[in-house]
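Remember, predicted model here, so these are calculated numbers, not experimental data. Numbers restart at 1 for each chain; the letters A, B, ... are given by sequence-line order, proteins then strands.
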Amino acid sequence: MIDFKVIGEPVILKNARKICPNDIEKCIEAGRYGALKRALKEMSPEDVIEEVKKSQLRGRGGAGFPTGLKFELAAKEKSDKKYVVVNGEEGEPGTFKDRIIMEDSPHLLIEGTILAGYAIGADEGIICVRCDYIKAIKRLRKAIADAYNMGILGKNIFGTDFSFDITIERGAGAYVCGEETALLEMLEGKRGEPRKKPPFPPQKGLYGKPTVVNNVETLANLPFIISEGADRFLEFGIDGSHGTKLFSLSGDIEWKGLIEIPFGATIKEIIELAGGVKDGKKLKAVILGGVSGTLVRYDEVDISVDYHSLGVIEAGPGCGTIIVLDETRDIVDVTENIMEFFRTESCGKCRPCSLGTVSLCNLIHRIKEGNGTEEDLKKIEKISIGMRKASFCGLGQTAPNILYQSIQKFRDEWLAHVRGGKNDRD
Amino acid sequence: MKEEKFFLIEELLKIQEENELHYIPEDKILEIAKKTGRSPADIHSVISFYPRLSDKPRGKYLIRVCENLPCHLEGAQEVVDAIKDFLGIDFGQSTPDKKFYLERTSCLGLCTAAPVILINNVPYGNLTPEKVVEVLKEYMGGDND
Ligand SMILES: NC(=O)C1=CN([C@@H]2O[C@H](COP(=O)(O)OP(=O)(O)OC[C@H]3O[C@@H](n4cnc5c(N)ncnc54)[C@H](O)[C@@H]3O)[C@@H](O)[C@H]2O)C=CC1
Ligand SMILES: Cc1cc2nc3c(=O)[nH]c(=O)nc-3n(C[C@H](O)[C@H](O)[C@H](O)COP(=O)(O)O)c2cc1C
Ligand code: SF4
Ligand code: FES
């Protein structure tokens, strides 16, 4: 079982593990579905959207798109059918936050999903969970069945004229299927290759119908925003980045697990809360936002986790993943592992990514084996820039991130490899 | 409760779960093709896209190893080598008796227990080369279903 810690007042993990997720009555007693009841009985869909916009909630799947705006775009579309698709594909190495929400607070996610449906005028939600998350799927299935039994899902919820159904569809393990349009292709029973954007899903989504695709954690914020109000939500975090963020911690760190913190804590503080670098070693770097994210060097960790500050080092909180590397780690070995991952997961639809990941792997292997040249480093940089610009979807665009930054930030180490030497920082 | 929708990937996963050797046999593919009005080649092409789906027999015990960064940092490579050594197979191979099949998987979200493997979806974490061999020995001996 994965441990978790909460710093300050939690939004997401409030009742997690205190109340059995299998007991809907206890969940309701503790306030679950209160926000839904309030929305359906006292608020119009527009009111709900206004409240979400006011809260400044941004997508927790990585890209940080304003959630209220996304709802508004989908609500504006005229259509006989609209969908809410919950993105529980979670494939970023080192990430397990959505898994914990689905396992420990399935009703929180269901409530958030119905709220999203009410806001945009959808009558159907589909929760996509990767098939490996067996416990999460089991808990969600039971929670959905219980919600139907209590009249919280199905026809005329709480006696209002709003009806909403939720089904679960399992994903078959392709990382790229976390990309929202690839996810929609998968739901339609096809190969999970990304679609061209625009049109974005709020305009043309599942089966061509207006669809909002949201991350699990994003939706799990909605009940709080509706029941406590956007103003309360704005009290969390700092200017421009409100609410809390879940962080999955792994790598060379004393305590591994999930942390919920308000935006504005520094990366350094987060590491300290988790007991620091393992075995008293020195920090080398932090991989923030997963292997598609940012490499934060040891001398940069005093930076606050929020959209603005991280923007300064061209980063973002991403999906909230922190992989810690201690001083003994070889940057070439780390980036080799990362690039192998992307080579395996590239879907093959476009050449910059399918060929680029292969070339980058070959170059890294060569350098690691001591047969590389400085020319190879230049090639790596050139291919990385090309992939970022020309790849069809976010996978190829972000795949070279850590590699490219490692050459900027740990150049000496790369050069040492090129010259046949070994890891020799300080 | 709402009537279940037809989702192809979900159907394929179900068929595979019912199969002893963790794959989707040809007769089932023909059935699905008929049901959906698609060609069998099309269904094969969908199956080939998804890492969890297979149209070729695997093994009674499907061993999946994660080698992504958090597992890699905790010594996944040594664990993989120990498995390969002990069973005498490489990735994408089964033992001659079809009892074990070895494949890679991407991160399983179990990174706090890295390195991790799954045997028929049962996770084994915090592994070392010695520990993983102990686990495999248990499966060799009797039935672990
Ligand atoms: N959670 C995880 O496991 C993983 C997360 N990621 C994250 O995914 C991110 C990239 O995701 P993408 O979806 O490619 O980013 P994106 O920027 O294309 O889209 C983000 C969201 O905003 C919406 N959006 C953007 N512009 C819009 C517009 N003009 N109108 C309507 N909607 C609009 C999109 O529909 C989408 O829901 C990366 O930042 C990365 O951090 C990547 C890999 C794995
Ligand atoms: C390769 C790739 C993989 C992704 N994987 C996920 C994922 O596992 N979960 C997720 O919520 N978003 C993932 N995303 C981001 C989604 O495309 C999309 O931005 C997100 O689901 C929108 O939800 P949000 O606005 O609530 O963050 C991925 C993006 C890319 C490019
Ligand atoms: S960038 Fe990579 S994953 Fe995305 S469409 Fe191109 S080949 Fe597929
Ligand atoms: S990296 Fe292996 S389970 Fe996450």
Name the member of A/Leu187, A/Asp3, A/Ile338 that forms the most heavy-atom pairs with chain B at distances under 4.5 Å. A/Leu187

Atom group of A/Ile287 that falls short of 4.5 Å from chain B, counting heavy atoms: side chain

Cut-off 4.5 Å, heavy atoms of chain B, and the answer for A/Arg170 is both

Check whether any side-chain N or O of B/Glu103 sits under 3.5 Å from a backbone N or O of B/Val65 as a donor-acceptor pair, and report yes or no. no

Please classify the contact between B/Glu17 and chain A as side chain, backbone, both or neither, with a heavy-atom cut-off of under 4.5 Å. side chain

By a 4.5 Å heavy-atom criterion (distance strictly below it), what part of A/Lys135 contacts chain B: side chain, backbone, both, or neither? neither

Turns out that what part of A/Ile126 lies under 4.5 Å from chain B's heavy atoms comes down to side chain

Backbone N or O of A/Glu103 within a donor-acceptor pair of the A/Tyr133 side chain at under 3.5 Å? no

I'd like to know which of B/Leu110, B/Leu12, B/Thr36, B/Ile43 tops the heavy-atom pair count under 4.5 Å against chain A. B/Leu110

Which region of A/Val176, side chain (C-beta onward) or backbone (N, CA, C, O), has a non-hydrogen atom less than 4.5 Å from a non-hydrogen atom of chain B, or is it both or neither? side chain

Among A/Gly171, A/Gly154, A/Ala174, A/Cys347, who wins on heavy-atom pairs under 4.5 Å with chain B? A/Ala174

Neighbour count >12 (heavy atoms, 6.0 Å) for atom NZ, A/Lys81: yes

Are A/Lys284 and A/Asp252 ion-paired here, with the side-chain N under 4.0 Å from a carboxylate O? no

Have A/Glu179 and A/Thr181 got a donor and an acceptor in their side chains that come within less than 3.5 Å? yes

Contacting moiety of B/Arg104, where chain A heavy atoms sit under 4.5 Å: neither

Would A/Arg329 and A/Asp333 pass as an ion pair if we require N to O under 4.0 Å? no

With a 4.5 Å cut-off on heavy-atom pairs, point out which of A/Glu90, A/Arg130, A/Glu193, A/Glu345 contacts chain B the most. A/Arg130

Contact origin within A/Leu258 toward chain B - heavy atom pairs under 4.5 Å: neither

Just by modelled atom types, is the B/Ile15 backbone N or O under 3.5 Å from a matching donor or acceptor in the B/Lys28 side chain? no

Between A/Thr294 and A/Gln405, is there a side-chain donor-acceptor contact under 3.5 Å, judged purely by atom types and distance? no

Which portion of A/Ser250 sits near chain B, non-hydrogen atoms under 4.5 angstrom: side chain

Parallel, tilted or perpendicular: rings of A/Tyr207 and A/Tyr83 (30°, 60°): tilted

If you count heavy-atom pairs under 4.5 Å with chain A, which of B/Gly125, B/Cys71, B/Cys111 comes out on top? B/Cys111

